[in-house]
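So the structure is just underneath, and the comments pick up after that.
Sequence lines set the chain letters: A, B, ... in the order given, protein chains first and strands last, and positions in each chain run from 1. Just so it is clear, the structure is predicted and the values come from calculations on it, not from any experiment.
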Protein chains: 2
Amino acid sequence: MAANNDDVFSTLIRKLGRLAELDAADVQAIRELPFQIKSHDANDFLVSEGDQIVNCCLLLDGYACRHKEAGDGGRQIVSFHIPGDILDLQHLLLPRADHNVQTLTPATIAWIPAARIKALARARPNIGDAVGRDILIDASIFREWVLNVGRRDAKTRIAHMLCEFLARRQAAGLGSPERFELPISQEHIADATGLTAVHVNRMLHALARDGAIVRNRRDLRIADWPRMQRVADFDAHYLHAAA
Amino acid sequence: MAANNDDVFSTLIRKLGRLAELDAADVQAIRELPFQIKSHDANDFLVSEGDQIVNCCLLLDGYACRHKEAGDGGRQIVSFHIPGDILDLQHLLLPRADHNVQTLTPATIAWIPAARIKALARARPNIGDAVGRDILIDASIFREWVLNVGRRDAKTRIAHMLCEFLARRQAAGLGSPERFELPISQEHIADATGLTAVHVNRMLHALARDGAIVRNRRDLRIADWPRMQRVADFDAHYLHAAA
DNA sequence: CGTAGGTTTGACTGATCTCAAGTTTGGTGG
DNA sequence: CCACCAAACTTGAGATCAGTCAAACCTACG
């Protein structure tokens with residue numbers, strides 16, 4: 001994807017505008033942000049645990065995830081990211097990365113100096129609120145993931161993860177809610193749900209048998225959204241209507 | 001515990017001062033915050049999921065936790081809190097609670113209007129940074145919990161939870177790092193680690209057999225802190241040196 | 001001293017993992 | 001355009017970690 005300046009600003013303004021009311025001066029201030037656009041391959045590391053971070057990345061196109069590693073080598077994905085997401089807003093105040101950020105697909109990223117975003121958030125209360133809300137919703141999603149991984153059985157857990165992905169895509173105005181191509185492998189689903197890829201595969205088949213989804217490899221269709229939500233124990237309130 | 005105004009301010013100033021440099025004007029501004037002190041019994045709900053929140057609670061004395069419930073009734077604790085912690089800073093920007101907050105022991109709480117904290121954080125950059133860091137470290141801990149619950153086996157998981165609890169108590173300057181009385185039951189540990197109380201009990205015995213801890217009911221002693229950290233796969237970097 | 005909540009122990013069950021072997025698919029180079 | 005390859009997906013069989021159920025056993029507190 002060839003991204004230009006306007007893509008960056010319109011993406012950013014759309015994102016922040018969903019989180020708080022922005023006035024003309026806010027929009028103007030955002031348009032003065034410096035940035036650098038880069039294309040990345042799938043599976044590129046954007047941030048590695050322990051890195052000292054000075055730029056935040058705005059995902060313009062493609063998908064990414066954040067993950068951590070356990071001592072025994074087990075990998076845990078802690079969040080998925082869709083176009084429009086600003087990754088690593090935490091580095092506005094915490095200099096060192098406590099996790100990795102990696103692309104899932106080829107991706108276009110706008111790198112923006114964290115200090116500039118911080119200054120902007122401080123100077124313009126609406127933008128500060130939007131950034132703050134984004135950070136807090138992020139945290140709310142982590143809490144839901146702790147619940148998901150800690151207390152739901154495999155089938156429910158996977159279904160929940162899919163529902164969240166779908167709901168966030170929809171909220172961001174990306175593509176159809178009923179049918180889409182998963183940008184992630186079953187291995188990724190396993191790493192996000194604390195399961196093994198083999199078991200994920202079995203449970204996806206079980207979800208299809210239950211009539212909650214229709215699926216062929218990564219091509220996914222939600223047969224019945226209310227039923228899917230029930231199966232998934234999914235209630236979108238934790239997304240605070242704006243993830 | 002009979003708390004007075006000075007306890008509230010000194011607790012708050014100590015807490016925020018660990019997160020950012022505060023100058024005299026910051027301290028003065030904090031001292032102008034209004035609040036209301038209340039005593040709570042053990043197991044009191046301070047916040048219930050769905051509540052519209054206007055006050056943040058500063059935990060002056062006692063212990064508390066935040067938890068969510070799955071559709072099948074399973075409970076997942078998502079964080080533990082120790083004296084000095086400010087609970088629910090998320091309500092500075094998100095009006096509805098997405099989880100419950102409950103005391104674990106009898107507790108003394110200072111209730112502070114969220115709007116006042118928000119105004120203070122906006123007016124005084126140092127305080128804004130401190131509050132922001134607290135929120136971000138909170139989120140970092142959630143990420144670690146996702147990893148803990150998702151990818152570590154039962155023994156490691158419990159050990160990790162204990163290490164974190166210990167490390168945070170120590171960072172807050174509370175009591176001895178080697179020996180302390182757990183303010184939580186094995187049921188609580190189970191709800192925090194996504195296990196059952198029965199299995200928690202067995203794993204605590206296993207940790208004792210391994211020589212990592214010495215324990216009699218809730219009286220806990222870390223026999224060998226380096227060994228305990230190894231057993232727990234614990235590395236405090238995710239606490240960003242100030243939880 | 002009786003009771004309730006918490007802890008401990010045992011025997012059995014079951015969800016998920018592990019290991020191992022195919023199968024399908026999309027991409028790459030001839 | 002076809003052949004091949006690597007990655008992802010699929011399926012089966014057996015092992016294991018953690019759950020379930022049930023019963024004692026403490027111990028603090030009223």
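- Rounding to whole angstrom units, CG of residue Asp72(A) and C1' of dC17(D) are separated by 14 Å.
- Listed in residue order, the members of residues 205-215 of chain A having a heavy atom less than 4.0 Å from DNA chain D are His205(A), Arg215(A).
- Under a 4.0 Å N-O distance rule, the pair Arg157(B)/Asp233(B) does not qualify as a salt bridge.
- Put simply, CD1 on Ile189(B) is 14 Å from P on dG19(D), counting in whole angstrom units.
- The residues Arg151(B) and Asp191(A) are annotated as salt-bridged, a charged nitrogen and a carboxylate oxygen being separated by less than 4.0 angstrom.
- A straight line from CD of Glu187(B) to P of dT8(C) spans 13 Å, rounded to a whole angstrom.
- With respect to Arg66(B) and Asp138(B), a salt bridge is recorded, a charged nitrogen being found less than 4.0 Å from a carboxylate O.
- Ranked by how close their nearest DNA chain D nucleotide is to the 5' end, Val198(B) and Val198(A) are led by Val198(A).
- To the nearest 0.5 Å, atoms CZ (Arg168(A)) and CD1 (Ile137(A)) are separated by 10.0 Å.
- The residue Gly74(B) sits apart from the nucleic acid: no heavy atom pair falls under 4.0 Å.
- For His67(B) and Phe45(B), the ring centers sit closer than 6.0 Å to each other.
- We find that Glu144(B) and Lys68(A) are joined by a salt bridge, their nearest charged nitrogen and carboxylate oxygen being less than 4.0 Å apart.
- In this structure, CZ of Arg202(A) is placed 12 Å from C1' of dC9(D), rounded to the nearest angstrom.
- The interatomic distance linking Asn216(A) (CG) with dC9(D) (P) rounds to 11 Å, in whole Å.
- Using a 4.0 Å cut-off between charged side-chain N and carboxylate O, Arg152(B) and Asp72(A) make no salt bridge.
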- [ ] Start with the C-alpha gap between Leu12(A) and Ile112(A), add the side-chain angles, then the distance that decides, and say whether side chain to side chain contact (heavy atoms under 4.5 Å, CB included) holds.
- [x] CA-CA 11 Å; Leu12(A) 196 50; Ile112(A) 308 175; 4.1 Å; yes
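- For the pair Met203(B) CE and dT16(D) P, the interatomic distance rounds to 15 Å; values are reported in whole Å.
- As a whole-Å value, the separation of Ile158(B) CD1 from dG19(D) C1' is 13 Å.
- A salt bridge links Asp219(B) with Arg179(B); the closest basic N to acidic carboxylate O contact falls under 4.0 Å.
- Applying the 4.0 Å criterion to OP1 and OP2 of dC17(C), one finds that Thr196(A) has a side-chain N or O inside that range.
- Taking the nucleotide of DNA chain D with the nearest heavy atom to each of Arg151(A) and Asn201(A), the more 5' of the two is matched to Asn201(A).
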Please write out each protein N/O paired with an N/O of nucleotides 5-8 of chain D under 3.5 Å, distance rounded to 0.1 Å.
none

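- Counting to the nearest Å, the P atom of dC12(C) and the NE2 atom of His199(B) are 19 Å from each other.
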